[in-house]
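To find a chain, count down the sequence lines: A is the first, B the second, and so on, and within it residues start at 1.
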Amino acid sequence: MNKLSLNQETIQSSREYAKKIAKDIQSLIDIHSTVSVERTVLRLLGIDGIDKFEVPIVNRMVDDVKENGDITKGVSVYMASALKKSQLSIDDFCEAYLNQKVKLVVDELVSKEETKSILKQYYEKQLGLIENNRLQRSALIKKYGEKKTELYVIVATGNIEEDVLQAKAAGRAGADIVAVIRSTGQSLLDYVPYGKTTEGFGGTYATQENFRIMREALDEVGEEEKRYIKLVNYASGLCMPEIAAMGALERLDVLLNDSMYGIIFRDINMKRTFIDQYFSRLINAYSGIIINTGEDNYLTTSDAILEAHTVTASQFINEAFAIEAHLPEELMGLGHAFEINPNVEDSFLLEIAHAQLARELFPNAPLKYMPPTKHINGNIFRAYQQNAMFNMVTTLTEQKIHLLGMMTEAIHTPFISDRYLAIKNAQMVQNSMKSLVNEIHYKEDGIIQKRAQFVLDNAHKLLKEISEDGMFNTLAKGVFAETKRTETGGKGLDGVFKKSDDYINVISDQLEAYFNEN
Amino acid sequence: MNKLSLNQETIQSSREYAKKIAKDIQSLIDIHSTVSVERTVLRLLGIDGIDKFEVPIVNRMVDDVKENGDITKGVSVYMASALKKSQLSIDDFCEAYLNQKVKLVVDELVSKEETKSILKQYYEKQLGLIENNRLQRSALIKKYGEKKTELYVIVATGNIEEDVLQAKAAGRAGADIVAVIRSTGQSLLDYVPYGKTTEGFGGTYATQENFRIMREALDEVGEEEKRYIKLVNYASGLCMPEIAAMGALERLDVLLNDSMYGIIFRDINMKRTFIDQYFSRLINAYSGIIINTGEDNYLTTSDAILEAHTVTASQFINEAFAIEAHLPEELMGLGHAFEINPNVEDSFLLEIAHAQLARELFPNAPLKYMPPTKHINGNIFRAYQQNAMFNMVTTLTEQKIHLLGMMTEAIHTPFISDRYLAIKNAQMVQNSMKSLVNEIHYKEDGIIQKRAQFVLDNAHKLLKEISEDGMFNTLAKGVFAETKRTETGGKGLDGVFKKSDDYINVISDQLEAYFNEN
Amino acid sequence: MKIKPYGDTLNDGAVQVSFTLPMALSAKAIQAAKEIAKQMNLVDPSVVHSEVGGDNFSFFIVYGAVKAQVDVSKIKVVELKKTSKTKKEIENLIEEHLDRELVFVGASTGTDAHTVGIDAIMNMKGFDGHYGLERYAGIKAINLGSQVTNEDFVRIAREEKADVLLVSQTVTQKEVHLKNLIELVELLESEGLRKDVLLIAGGARITHELAKELGYDAGFGPGSYAEDVASFAVEEIIKRKGE
Amino acid sequence: MKIKPYGDTLNDGAVQVSFTLPMALSAKAIQAAKEIAKQMNLVDPSVVHSEVGGDNFSFFIVYGAVKAQVDVSKIKVVELKKTSKTKKEIENLIEEHLDRELVFVGASTGTDAHTVGIDAIMNMKGFDGHYGLERYAGIKAINLGSQVTNEDFVRIAREEKADVLLVSQTVTQKEVHLKNLIELVELLESEGLRKDVLLIAGGARITHELAKELGYDAGFGPGSYAEDVASFAVEEIIKRKGE
Ligand code: B12
Ligand code: B12
Ligand SMILES: Cc1ncc(COP(=O)(O)O)c(C=O)c1O
Ligand SMILES: Cc1ncc(COP(=O)(O)O)c(C=O)c1O
């Protein structure tokens, strides 16, 4: 795949700058933890459920340690010590804890070794479940095969029951990937809602039970249709690692997980996000879940021509962070989008250039390609055409995860027929243009090649600048999506803490060990 | 333009076979005339109008000569002789004729020379009007400029007033060419209806007055919009040359005029059609009217993949006939179409191959490219997408006369909004893919190149066969559109006659002289 | 069971509507579009798009929740039960139950020149992988092609002693197909031929219900194949013979 | 003057409708679709397309002539008269008639994170070649960004002594925008601030009419620019000052 005559040295050098940028932040990540990370530890020990005020037990416990213990040691040691003291199994302990019969913060804390040995049976069980899911997914994909380009649709009714109906219909119509959009605002909740839910705004709450219900539904259709239908949800937000854990337990296949999305688009504190993303990606890597990054959002906010290089730069950064978290290329679903104003002359050529650039820079990544949204208006016929043009670019540039545009993008979250028609649109393009990618060459030094080279050069320059300025200053300058964020601003900073010397996190220790072996 | 690596010898040889085919028929044409040709002579002497039974005067007169005189001498000599005898001007003569005060068929016939000299003032006036139209068109096109690809829409309400409203709206929305579809069945009338009409089925009657009304309307919009908007109607049928004359007088810019359409699709006798098409094209050539041929119809009737070569062969034949009639390449609007079932794998590549083939075979012809129709169903969204794909092929292969597909093709003749949306669809493609044609190359020996070469080879073979079999046998075998026609079958044979030795046609003499000079 | 249109939630009644109004685009025109939508029984219609669609025309796209609902259990349809016999089965039926070749005469009548539909049913090669009637043993299929006048059609039917008449009608503008179809029935009746033939219509806008209303024995719409028509006709002829 | 939708002939009433029914595709479903269309006041609706849109769902496209008509002369619209002043003119107005800088505070409120709209109005660089309020002499433009709670919004408005409040709302699912917009009015009223500010809403589904209904001074929909809002606000403030 070499249609753009890109300069390999510029690519190499971009990767090195990105690596430096990520390493800088990683050194900060390594010495910090967050409440969400700690809650994730508890989840991966098998703790779930809520109290009578609907507060998740894991939140109760971590807050408890924060208030009454020393959270900088991590929650692992408290749990181990409390279990030892109470001599209860973890399930029984939780029940007793809710009934205020036992304490989590006990006086006598066990050693790191003992913490590990006490908790081992619990996390091994959970990690074992996750491993099973990973193996089951591989087996199913092997059995049914996998498409070069997968058609991805969303459901977003707010009601998981209705979502299931629609997801099944979409699966039968030909969708390969189904995402359940989250309710507006969930990413700002510092806890994960619990149980089956039927009311959400612009989406359905991400809960473990909802994950389970949808997984079951898609497996059912997948078996009928002899396709493995992938399930997607969103990690980004104040609970990134928790959702990563829940997704792993329920065999989700893709999680939206960007190293910076929460910072830029949800005004979550940058430290919080960087720390959380690392732990969440570690879990993703272990569970074989593809991450999807959010560079597409830059273009829905800013101009898609002027800011194209920020997408590329950010992809390199997301890649570098992913490498830190042991994610293999096959799980790096880097994002980009078809968002140029279609009234711009030759915009289609520019879109080809951008998409092909991403394809050539990250040849093994399952790129996530987003449809036109910003320049879609209420004219559903025009939108249907824009989506056809977008579908073509995917076919011409071999994207992997192909989000389908909806003709009603400017109007409402998709109706069942919108989704159906979108699938038919994509299928017609995929089929009627099947071999086109192998049939055409781009002119040497033509508009397409030059545009791709220009974007790469600018991304390279930007990465150099960032590697000099540092990530925090870069975010403060509003380089991405023209949105400025400060180191101490944003939500969730109070949930960040520096690890003490005797900090222990049995899950990350276990995962790091696993990756060092494998 | 050489993207297909076509074999130039095959092309050359195809042209030679086509020339032989046309010459064979031309020798028959040269010794025949038809009632329609004779009526055209009268029209070009300035005769128009109808009698009280709504029979056009020109029909009355030609029938009169057929019955009471010797039509094999041609109508010219009768008209000249009658004028001489009555000593009336042609207008006064017609009035007197309708009132049965004078006779057309008189005993004393004048000589060829005298015929010419008596009629000269009349045909010079009419031909002068036509020349003026030609010059005016050139001047306007020069003033406003002309697009590489022109957007062509139809109006078809049946009511010229409503047609005008819609044509104007289309012009303002961006249409470059407007065609008024004829009422179903008009082509089988052996006369041309007269005056302004407001009732038709599936189209509006082609009358000289309707032509005038629409020309005026389009000139009005054209002036506002600073574009010359072309007007189209249909010649093919039993009155081909008459309509050619009427169109010339009212400054139409394009006439559907195929050497074989009437035979194949309207079951008009083949001799009749060949003779009529020649005279009509002579007039088209003089008036600077682009002809549009009807090869697209083969594909709406038969399979567009299997029969693609019949389109190419027919284009060569239409070209050869056009050359006989002195039409320059710039007026040869050879037809073809995007009619492959879109469910066929790689059908889009095949469409590119076919369209590019036509483009390269006839580099200077203003090719007429027809949209998908047969594989359009009632799903208007799907149709809108098919039309976008068709629009793309036009942009990729630089067609000149680009008929816009309608999303409601399978439902009704276009609503005002269908046409509007179709124009917007085409404009988005034209603009966003403007330079794509210069950006891409097709793979050497790839699917596209091989397909084009295959179609050309088969067309070449077919032309060879036809040149051996003769055109009449070919039509009897049903080679085109799988429709079989016999030499003596079909409508209108009774209107064909062999010219006698003293036959004279002042118009064709005049036109032939003109072309020999220019 | 009453049902309503479905957008993304049961009974939300969601429908999409588009139309043009013959007035220039303005706030007033948008309001007029809303009023039209309300008269279409949309509750709280939302004009999601408006555009100048030419001079003094504006184009609208509207979404809304419609009050309409239907009781599915009460819907009656005049439906032709497709017996879906194969070509072989039909040929066997003819051989077993009838002592002669059946004559099918078909045409696109009136000014209609759309032959693809009738050809799909009659011609050798058929359509979509389904052979046409010309290939059936026991059937003599005579396809008269297009633009056949009703008079010619009836004359030839009589000459050929047709058992089944197949009429194709595609152009429906200004209801011209109804006119053509009705005239044919009248002509057959006035010539005393109607009861001697099975009369079958087909075309893109033909339904069985419509055909029955017009006095035909059956009607076939898009997606019909030769075996659908043949099995209906042969079974009906056998049935009538038995009576 | 009464008008009807226009297809290709005056008063033909032609409309296009599409919807899904929650039942499997069958002749019955097609009939049900027709019934729905009839309840939408379509005379003789024609189901031009039907397709299986998933299990137990079928999708329909219908064309027909609608009985609906509206009397254009009777339509009343609550419309904001756009004065279309230029940036320069507005700046001059402020300088001539007001002795101080005007303070505009804007935000996407509630859980709404769509900032592109409010940014288009407020940010320096503006939108579509129209500069935003930040660039206006005489205007202090404070853009609070997204997901601002109504409480924070009102607090800052008070602190900044805002003259004009600009609220952007994009997400309308389950009418969440109405809830947010109404709450803000109530909060302003309960804090006694309502009469001290010009309250202006905007967003893709906001109309001037809707905004007025909810107790706002004005509403701006798609295609609005900074100068539209600014000229409305500045003129209104001058007018109120005069009273
Ligand atoms: C191909 C075509 C033509 C070709 C016809 C070539 C030919 N040899 O038939 C040409 C180019 C000549 C043509 C001309 C015209 N056409 Co035309 N044409 C079409 C087109 C694109 C496809 C029709 C088709 O072949 N369908 C495929 C066949 C297989 O489907 P079918 O006919 O429905 O047949 C199936 C069933 O209905 C059934 N069936 C059909 N007949 C019968 C009979 C019996 C007995 C039985 C049992 C079953 C049966 O079985 C078939 C197989 O399943 C349609 C648009 C469209 N996409 O539908 C317009 C269309 C039908 N044409 C139309 C018109 C108006 C015309 C013209 C008047 C001018 C124009 N606008 O182009 C002329 C005049 C023709 C005339 N005098 O009749 C309109 C009709 C509008 C209306 N509803 O009235 C349409 C809808 C296009 C449009 N939107 O304007 N046309
Ligand atoms: C860009 C975008 C996003 C971006 C926003 C980035 C950002 N920084 O703003 C991202 C990706 C983050 C996003 C997220 C979501 N979005 Co969003 N998004 C859009 C999109 C594509 C474009 C909106 C836009 O920017 N338009 C361009 C601007 C310039 O237009 P505008 O906002 O109308 O503004 C103009 C006027 O309205 C007016 N105006 C606007 N505000 C104001 C204020 C004042 C005071 C004045 C005077 C004027 C004014 O002036 C502006 C200029 O003319 C639309 C779909 C579409 N094509 O419209 C969906 C859309 C709005 N999103 C939607 C949804 C549901 C969401 C999500 C909940 C999940 C999802 N399905 O994607 C999340 C949650 C966000 C949240 N918490 O609010 C839905 C809303 C459905 C509904 N009607 O409720 C839409 C319609 C998409 C869809 N079909 O599902 N989205
Ligand atoms: C990387 C990433 N995460 C999360 C989301 C959605 O997050 P939220 O639920 O906060 O809207 C998106 C949406 O575009 C995204 O790109
Ligand atoms: C060459 C040619 N002539 C004429 C026509 C239309 O003729 P009629 O009016 O007979 O339908 C067509 C239509 O496709 C055509 O291709």
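D:Y131 does not carry D:K125 over the face of its six-membered ring by the limits of under 6.0 Å from the centre and within 45° of the normal.
In this structure, the side chain of D:S108 engages the main chain of D:H114 through a donor-acceptor pair within 3.5 Å. Without hydrogens or angle criteria, D:D12 side chain to D:D8 main chain gives a donor-acceptor distance under 3.5 Å. In this structure, the side chain of D:D128 does not engage the main chain of D:H130 through any donor-acceptor pair within 3.5 Å. Judged purely by atom type and a 3.5 angstrom limit, C:D228 uses its side chain to pair as donor or acceptor with the backbone of C:Y225. Of the possible donor and acceptor atoms, none in the side chain of D:N150 sits under 3.5 Å from a partner among the backbone N and O of D:G110. Formation of a donor-acceptor pair under 3.5 Å by the C:Q39 side chain with backbone atoms of D:Q69 is found in this model. The main-chain N or O of C:P22 is never found under 3.5 Å from a side-chain atom of C:N56 such that the two would form a donor-acceptor pair. With hydrogens and angles disregarded, a donor-acceptor distance shorter than 3.5 Å links the side chain of D:E89 to the backbone of D:T86.
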Applying side chain to side chain donor-acceptor pair (under 3.5 Å), run through C:T109 and C:Q169 and close with a yes or a no. CA-CA 7 Å; C:T109 58; C:Q169 284 285 295; 2.8 Å; yes

Show, in sequence, the C-alpha distance, side-chain angles and deciding distance for C:L198 and C:L165, and conclude whether the side-chain contact (heavy atoms from CB on, under 4.5 Å) test is met. CA-CA 6 Å; C:L198 262 186; C:L165 297 188; over 6 Å; no

So D:F59 and D:S18, side-chain contact (heavy atoms from CB on, under 4.5 Å) or not? Walk me through it. CA-CA 7 Å; D:F59 175 63; D:S18 78; 4.0 Å; yes

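D:Q147 and D:T111 are not linked by any side-chain donor-acceptor pair at a separation below 3.5 angstrom, with hydrogens and angles left out of the test.
Counting heavy-atom pairs under 4.5 Å between each of D:V48, D:V66, D:L42, D:V17 and chain C puts D:V17 at the top. Top candidate by heavy-atom pairs under 4.5 Å with chain C, chosen from D:L10, D:V62, D:N11, D:V72, is D:V72. Between chain C and the residues D:D71, D:I36, D:I30, D:N41, the most heavy-atom pairs under 4.5 angstrom are made by D:I36. The most heavy-atom pairs under 4.5 Å with chain D, out of C:T20, C:V15, C:V77, come from C:T20. Residue with the most contacts toward chain D among C:K28, C:K4, C:Q16, C:H208: C:Q16 (heavy-atom pairs, distance under 4.5 Å). In terms of heavy-atom pairs under 4.5 angstrom with chain D, the leader among C:R205, C:M1, C:K67 is C:R205.
Looking at C:M23, only its side chain comes within 4.5 Å of chain D, counting heavy atoms on both sides. Heavy atoms of C:K74 lying under 4.5 Å from chain D are absent altogether. Looking at D:V70, the atoms closer than 4.5 Å to chain C (heavy atoms on both sides) sit in the backbone and in the side chain alike. Contact annotation for D:F57: only side-chain heavy atoms (C-beta onward) come within less than 4.5 Å of a heavy atom of chain C. Only the side chain of D:S46 comes within contact range of chain C, judged by heavy atoms closer than 4.5 Å. For D:A14, the part lying near chain C is the backbone, with the side chain staying farther off; criterion is any non-hydrogen pair under 4.5 Å. Neither the backbone nor the side chain of D:K38 comes within contact range of chain C; no heavy atoms are under 4.5 Å apart. Using a 4.5 Å cut-off between heavy atoms, C:T207 makes no contact with chain D at all.
Proximity to chain D among residues 212-223 of chain C is not found for any residue, judged by heavy-atom separations below 4.5 angstrom.
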